[in-house]
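Accompanying notes for the structure given below.
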Number of protein chains: 2
Amino acid sequence: MEKSRMTKSIPAPAVRRLTLYLQHLEELLARGAGRISSRELAESLQLTGAQVRRDLAYFGQFGRRGVGYEAASLAGNLREILGADKTQSIILVGAGDLGRALARYRGFPQRGFKLVAAFDVSPKKIGKKIGSLTIQHIREMPAIVKRDNIRLALLTTPATVAQEVADQLDLAGVRGILSFAPGVLQTSKPLAVGQVDLASNLQQLAFSIASEE
Amino acid sequence: MEKSRMTKSIPAPAVRRLTLYLQHLEELLARGAGRISSRELAESLQLTGAQVRRDLAYFGQFGRRGVGYEAASLAGNLREILGADKTQSIILVGAGDLGRALARYRGFPQRGFKLVAAFDVSPKKIGKKIGSLTIQHIREMPAIVKRDNIRLALLTTPATVAQEVADQLDLAGVRGILSFAPGVLQTSKPLAVGQVDLASNLQQLAFSIASEE
DNA sequence: CCCTGTGAACCTGTTCACAGCG
DNA sequence: CGCTGTGAACAGGTTCACAGGG
């Protein structure tokens, strides 16, 4: 809790892979896995053993030489590293189609995220339910963020207001925003932003198939 | 059309940025932009001029020294490079919440993608409509892919069947799959796969805020 | 003198290969 | 003897800095 590990900047791609390792380990554990080597863990993810070992080495030594890794304990370590060992509350801003789909997305709770509130500005949407949540006006957002000490938000508003909403989230004290709006958000330093640009992803894929012959 | 440019492997991050350049240029053009320098284009995207120029240099020379770029013609070049100059038909497999949200997502048509069919296996969903599309049984998929010469598919099935569906898409002749299921898809070489793992993205974001103090 | 286009230096992440411990 | 953990070599993308055209 007060570990304050002087995380000397872990490469972002390594962090991405760590999430894959954990996810895959959870699957293996559900099937009753015991020991696993870096090679085994790597190949189902189309990586190499060296890559896995290097990524883990950023955080410590989790295996036994000559043996491999204990799946359960490695998963435990990864959960802790990624903060997946405790539930993290998140909020959603923008209750359009995409927002509502994300609110129901099972992958989030499966990985330790709990949606605790959803906001919008449209009178048509406010008061409606998404699952067990009632959509609230965004003016209620700062109070909820403070009350529940929310650190993460999903941003699914139209692109036109994304920046404005991001500013409000920043002001309210949110620490990270995962934005689904196209365009880069301008934010103050302490706020981390992740971007998921769906159309851009599709365009990149289209490019990659166009360029191979 | 038969340019067969010996695209000597453009870095993936460069392609990602190209989509951002184009998107941003479209916005600027809508506001009546004329000339733009690499610096101007860069800074709203939090990049540097050098980066922009280097990325463009992979494909040719689009600017005029001492002047900058003509926004309209640069956008045109980028559209051609990215294949956004012509509409690309796509299909959707998996008509769950996420799939239906993607089917309605405006960003796709805005960037030149047209959803022409949606598939599922659930009798509850087949025959229902998503916008103007009727959900069909996936067994119809190969015929549609052939008929419309579909190259791209969105995969929004549960993770448990994602691999199986990917194999069917592969077999049907689809060239690229954008998968929203967690886990790495095993595919034959000619098939390109893009992954959008929502929970992984959120986890990466959570990590990044946890590690800064 | 401005801004592009680009060789060259730089830097960061990946891969190799092996020392080291079980 | 196997598999981890890790220095060292490598690769590839980014940044620098400037030549070159307008």
Side-chain angles (χ1 to χ4, degrees), chain A residues 5 7-21 25 28 33-78 81 184 204 207-208 211, chain B residues 6-21 25 28 33-78 81 184 204 207-208 211:
Chain A
R5 57 166 100 73
T7 316
K8 36 175 145 53
S9 113
I10 312 298
V15 177
R16 203 200 61 236
R17 287 188 299 268
L18 289 178
T19 69
L20 299 182
Y21 302 154
L25 279 170
L28 294 176
R35 284 208 197 90
I36 187 169
S37 70
S38 60
R39 178 86 137 30
E40 291 171 301
L41 180 52
E43 64 192 16
S44 40
L45 300 171
Q46 297 175 214
L47 301 167
T48 68
Q51 181 93 79
V52 170
R53 297 198 300 278
R54 175 67 71 193
D55 288 341
L56 296 176
Y58 287 116
F59 298 93
Q61 307 187 166
F62 305 109
R64 280 193 301 177
R65 301 188 182 215
V67 180
Y69 303 86
E70 190 63 34
S73 76
L74 181 56
N77 283 307
L78 287 173
I81 289 166
V184 176
Q204 291 166 52
F207 176 86
S208 81
S211 54
Chain B
M6 184 41 210
T7 315
K8 37 175 144 47
S9 116
I10 312 299
V15 177
R16 202 199 62 234
R17 287 188 299 268
L18 290 177
T19 68
L20 300 182
Y21 303 154
L25 280 170
L28 294 176
R35 284 207 197 91
I36 187 170
S37 69
S38 60
R39 177 86 135 34
E40 292 172 300
L41 180 53
E43 64 192 16
S44 39
L45 301 171
Q46 298 176 215
L47 301 166
T48 68
Q51 181 93 78
V52 170
R53 297 197 300 277
R54 176 66 72 192
D55 288 340
L56 297 176
Y58 287 117
F59 298 93
Q61 308 186 166
F62 306 109
R64 281 194 299 178
R65 303 190 181 212
V67 180
Y69 303 87
E70 190 62 34
S73 75
L74 180 56
N77 281 309
L78 287 173
I81 290 167
V184 176
Q204 291 166 53
F207 177 87
S208 80
S211 54

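Here the structure is a predicted model, which is why all the values come from computation and not from measurement.
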Review point. How far apart are the closest heavy atoms of S44(A) and V184(B), and which atoms are they?
Key: O-CB, 4.1 Å

**Study point:** From CD1 (I81(B)) to CG (L18(B)), nearest 0.5 Å
**Key:** 6.0 Å

**Study point:** Euclidean distance, atom CZ of residue R35(B) to atom C1' of dG22(D) [Å, nearest integer]
**Key:** 11 Å

Check your understanding: Can you tell me how far P of dC3(D) sits from CZ of R39(A), to the nearest Å?
Key -> 9 Å

Exercise for review: Mind calculating the distance between CD (Q61(B)) and C1' (dC3(C)) to the nearest angstrom?
Suggested key: 13 Å

Point to revise | Heavy-atom side-chain contact between L25(B) and I36(B) under 4.5 Å | key: yes

Review point. Within this structure, what is the CG-to-P distance between L56(A) and dT4(D), rounded to whole angstrom?
Key: 10 Å

Practice item. Could you tell me whether the side chain of R53(A) reaches within less than 4.5 Å of the side chain of Y69(A), counting heavy atoms only? Key: yes

Check your understanding: Would you say S38(B) reaches dT4(C)'s phosphate, i.e. side-chain N/O to OP1/OP2 under 4.0 Å?
Key -> yes

**Study point:** Length of the line joining L41(A):CG and dT4(D):C1', which is rounded to integer Å
**Key:** 13 Å

Review point. What's the CZ-P distance between F62(B) and dT4(C), to the nearest Å?
Key: 14 Å

Atom pairs, protein N/O to nucleotides 13-16 of chain D N/O, distance under 3.5 Å:
{"from": "dT14(D)", "atom 1": "OP1", "to": "R17(B)", "atom 2": "NH1", "distance (Å)": "3.0"}
{"from": "dT14(D)", "atom 1": "OP2", "to": "R17(B)", "atom 2": "NH2", "distance (Å)": "2.9"}
{"from": "dT15(D)", "atom 1": "OP2", "to": "Q51(B)", "atom 2": "OE1", "distance (Å)": "3.0"}
{"from": "dT15(D)", "atom 1": "O4", "to": "R54(B)", "atom 2": "NE", "distance (Å)": "3.2"}
{"from": "dT15(D)", "atom 1": "O4", "to": "R54(B)", "atom 2": "NH2", "distance (Å)": "3.0"}

Point to revise | Close side-chain approach of F207(B) to T19(A), heavy-atom, < 4.5 Å | key: no

Point to revise | Student check: side-chain heavy atoms of L41(B) and L74(B) closer than 4.5 Å | key: yes

Enumerate the protein-to-nucleotides 19-21 of chain D contacts in which both atoms are nitrogen or oxygen and the separation is below 3.5 Å.
{"from": "dG20(D)", "atom 1": "N3", "to": "R65(B)", "atom 2": "NH1", "distance (Å)": "3.3"}
{"from": "dG21(D)", "atom 1": "N2", "to": "G66(B)", "atom 2": "N", "distance (Å)": "3.2"}

Check your understanding: Can you tell if the side chain of Y58(B) reaches within under 4.5 Å of the side chain of V15(B), non-hydrogen atoms only?
Key -> no

Review point. Which whole-number value in Å describes the distance from R64(B) CZ to dG22(D) P?
Key: 9 Å

Point to revise | Any Y69(A) side-chain nitrogen or oxygen under 4.0 Å from OP1 or OP2 of dG2(D) | key: no

Review point. CG of L56(A) to CZ of F59(A): how many Å apart, nearest 0.5 Å?
Key: 9.0 Å

Study note, to complete from the structure: CD of E40(A) to CZ of R35(A), rounded to nearest 0.5 Å, is 11.0 Å

**Study point:** Between dT4(D) (P) and N77(A) (CG): distance, integer Å
**Key:** 15 Å

